[in-house]
Amino acid sequence: CDKGAAIGCMNLGVMYEHGTGVAKDEKAAAAFYRRACDAKATKACEYLASLYRNGNGIDKDQARSGTLDAKASDQKDPESCFRLGVDYEDGNGVQKDLLRAAGLYAKACDGGLPKGCNKLGYLYESGTGVAADPARAVSLYTRSCDAQNPAGCALLSSMYKQGLGVPKDPGQALALAQRACDGNFAWGCYDLGRFYEDGLGTPKDVSQAVQLYIKACDGDAATACGFAGDLYRLGGDGLAKDPARAASYFERACDGKYSDSCAKLGDMYREGDGLAKDPAKADAQYQKGCDLGNAGAYRIDGGYYAKTG
């Protein structure tokens with residue numbers, strides 16, 4: 001690094017950031033990344049942008065993060081193009097510009113980054129910043145899914161389920177949701193559970209549905225915790241009613257900011273449904289749900305996937 005090798009500075013930054021062979025020191029990491037970035041090491045600019053974005057070792061600075069992502073994206077680094085696209089889509093440190101975001105996602109996608117295809121696909125699916133084009137969204141989600149990105153498979157499943165950009169095909173939608181779940185994408189397991197609960201493209205199987213919801217819940221898909229709670233609260237179709245388990249899953253969903261489950265847990269406390277009747281606890285759950293509003297609502301249209309995957 002001291003002899004001008006940018007890669008050496010970047011590698012030292014990585015070591016200090018993660019505490020590999022040296023004491024962890026994110027401030028020192030930032031200094032080494034800055035030297036490497038100034039020497040045109042694209043990845044170092046990306047790593048430094050991440051430190052500014054999260055405020056790790058240095059003061060949080062979204063504008064500086066965006067500038068560094070732009071510098072990296074000028075070198076056509078797909079990850080930097082993606083992150084800069086997110087900044088332009090959300091207005092983080094830059095003026096919100098959805099058309100610019102779409103262009104950056106396209107660069108990321110063309111650079112082999114599946115989540116860039118997902119983000120661009122969702123813009124075309126929803127008509128956000130670009131003219132709505134479901135068929136193009138399907139093409140982009142297919143690229144992502146074919147690249148083994150499970151979120152892309154989940155998005156593509158949603159298109160086949162709704163008949164957007166492709167003929168409606170519950171069987172194909174089911175198969176794609178299975179691929180997403182097999183790829184350990186929690187929301188794909190949630191989607192797959194919905195197919196089994198509703199008997200769409202497969203015989204109805206509530207016991208299988210609840211197991212899929214639990215898998216998704218364990219993967220931090222809070223809405224799935226709520227759906228597991230619903231099934232345990234109601235029982236039926238071969239599943240034993242279990243109010244205690246229902247309450248447990250409602251609590252996990254509520255803690256995960258899925259507001260619908262806060263209200264249901266409140267109802268259980270108010271009515272003494274499998275729990276000791278406790279009006280104060282009921283009101284506490286109602287207040288929590290009220291404060292959340294729709295913050296925890298799952299977007300069936302696939303926006304969640306596009307935002308995260």
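Note that the numbering runs from 1 along the sequence shown for the chain.
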Side chains of Cys1 and Phe32 in contact at under 4.5 Å (non-hydrogen atoms)
yes
Heavy-atom side-chain contact between Leu140 and Glu125 under 4.5 Å:
no
Quick check for you: to the nearest 0.5 Å, what is the distance between Gln211 atom CD and Cys189 atom SG?
11.5 Å
Looking at Arg270 and Asp267, is any side-chain nitrogen of the basic one under 4.0 Å from a carboxylate oxygen of the acidic one?
yes
Hey, quick one: are Leu12 and Ile7 part of the same hydrophobic cluster, counting side-chain heavy atoms closer than 4.5 Å, chains of contacts allowed?
no
What one should report as the nearest heavy-atom pair of Pro243 and Gly274 is CB-CA, 3.6 Å
Asp87 with Arg100: basic N within carboxylate O range, under 4.0 Å
no
side-chain contact (heavy atoms from CB on, under 4.5 Å) for Lys288 and Asp255? Distances and angles first, verdict last.
CA-CA 9 Å; Lys288 188 171 184 179; Asp255 288 344; 2.6 Å; yes
Can you name the closest pair of heavy atoms from Ser157 and Ala173 and give their distance?
OG-O, 2.7 Å
Is Leu265 close to Leu275 at the side-chain level, that is, under 4.5 Å between some pair of heavy atoms?
yes
Honestly curious: do Val14 and Ile58 fall in one hydrophobic cluster under the side-chain, below-4.5 Å linking rule?
yes
If you look at every heavy atom in Gly121 and Ala137, which pair is closest and at what distance?
O-CB, 3.3 Å
Any idea which heavy atoms bring Gly238 and Ser207 closest together, and the distance?
O-OG, 3.9 Å
Out of curiosity, Asp191 CG to Cys181 SG, how far, rounded to the nearest 0.5 Å?
9.5 Å
Under 4.5 Å between any side-chain heavy atoms of Leu98 and Glu89, yes or no?
yes
Please name all residues satisfying ring pair (Phe, Tyr, Trp, His ring centres under 6.0 Å) with Tyr269, sequence neighbours left out, ordered by chain then number.
none
State the OG1-CG distance between Thr142 and Leu155, to the nearest 0.5 angstrom.
10.5 Å
Nearest atoms (heavy-atom pairs only) where Tyr124 meets Ala131
CD2-O, 3.5 Å
Please answer whether the main-chain N or O of Glu46 pairs with a side-chain N or O of Tyr33 as donor and acceptor at a distance below 3.5 Å.
no
Under a single-linkage definition using a 4.5 Å side-chain heavy-atom cutoff for Ile, Leu, Val, Met, Phe, Trp and Tyr, are Leu156 and Leu164 assigned to the same hydrophobic cluster?
yes
According to a 4.5 Å side-chain heavy-atom criterion applied to Ile, Leu, Val, Met, Phe, Trp and Tyr, with indirect links allowed, do Leu99 and Leu120 form part of one hydrophobic cluster?
yes
Can you name the closest pair of heavy atoms from Cys145 and Leu176 and give their distance?
SG-CD2, 3.9 Å
Which distance, rounded to the nearest 0.5 Å, do you find between the NZ of Lys24 and the CD of Glu17?
7.5 Å
Please check this pair: side chain of Gln162 against backbone of Ser158, looking for a donor-acceptor N/O pair closer than 3.5 Å.
yes
Is the backbone of Ala49 close enough, under 3.5 Å, to the side chain of Ser65 for a donor and an acceptor to pair up by distance?
yes
Could you please spell out the steps behind the side-chain contact (heavy atoms from CB on, under 4.5 Å) verdict for Phe250 and Gln285?
CA-CA 10 Å; Phe250 284 150; Gln285 293 301 319; over 6 Å; no
When you measure from the centre of the six-membered ring of Tyr249, is the NZ or CZ of Lys264 closer than 6.0 Å and no more than 45° off the axis?
no
Can you tell me if Lys281 has over 12 outside heavy atoms packed within less than 6.0 Å of its NZ?
no
Using atom types as modelled and distance alone, determine if a side-chain donor or acceptor of Tyr141 lies under 3.5 Å from a backbone N or O of Tyr122.
yes
side-chain contact (heavy atoms from CB on, under 4.5 Å) between Val166 and Gln172, worked out
CA-CA 11 Å; Val166 287; Gln172 179 69 352; over 6 Å; no
Do Arg194 and Leu212 touch side chain to side chain, with heavy atoms closer than 4.5 Å?
no
Distance alone, cut at 3.5 Å: any donor-acceptor contact between the side chains of Asp283 and Gln287?
no
Among Lys60, Arg64, Gln62, find the one that has a side chain to side chain contact (heavy atoms under 4.5 Å, CB included) with Arg53.
Gln62
Using the test side-chain contact (heavy atoms from CB on, under 4.5 Å), find all partners of Thr202 that sit at least two apart in sequence or belong to another chain.
Leu174, Tyr196
More than 12 heavy atoms of other residues, nucleotides or ligands under 6.0 Å from OH of Tyr16: is that the case?
no
Does some side-chain heavy atom of Glu197 sit less than 4.5 Å from a side-chain heavy atom of Asp230?
no
Hphob cluster co-occupancy, Phe195 + Trp187, side-chain heavy atoms under 4.5 angstrom:
no
In terms of relative ring orientation, are Phe227 and Tyr190 parallel, tilted or perpendicular, with 30° and 60° separating the classes?
perpendicular
Interatomic distance, Lys119 atom NZ to Cys109 atom SG [nearest 0.5 angstrom]
13.5 Å
Donor + acceptor pair across side chains of Asn118, Tyr105 (<3.5 Å):
no
Rounded to the nearest 0.5 Å, what separation is found between the CG atom of Leu231 and the CG atom of Asp242?
12.0 Å
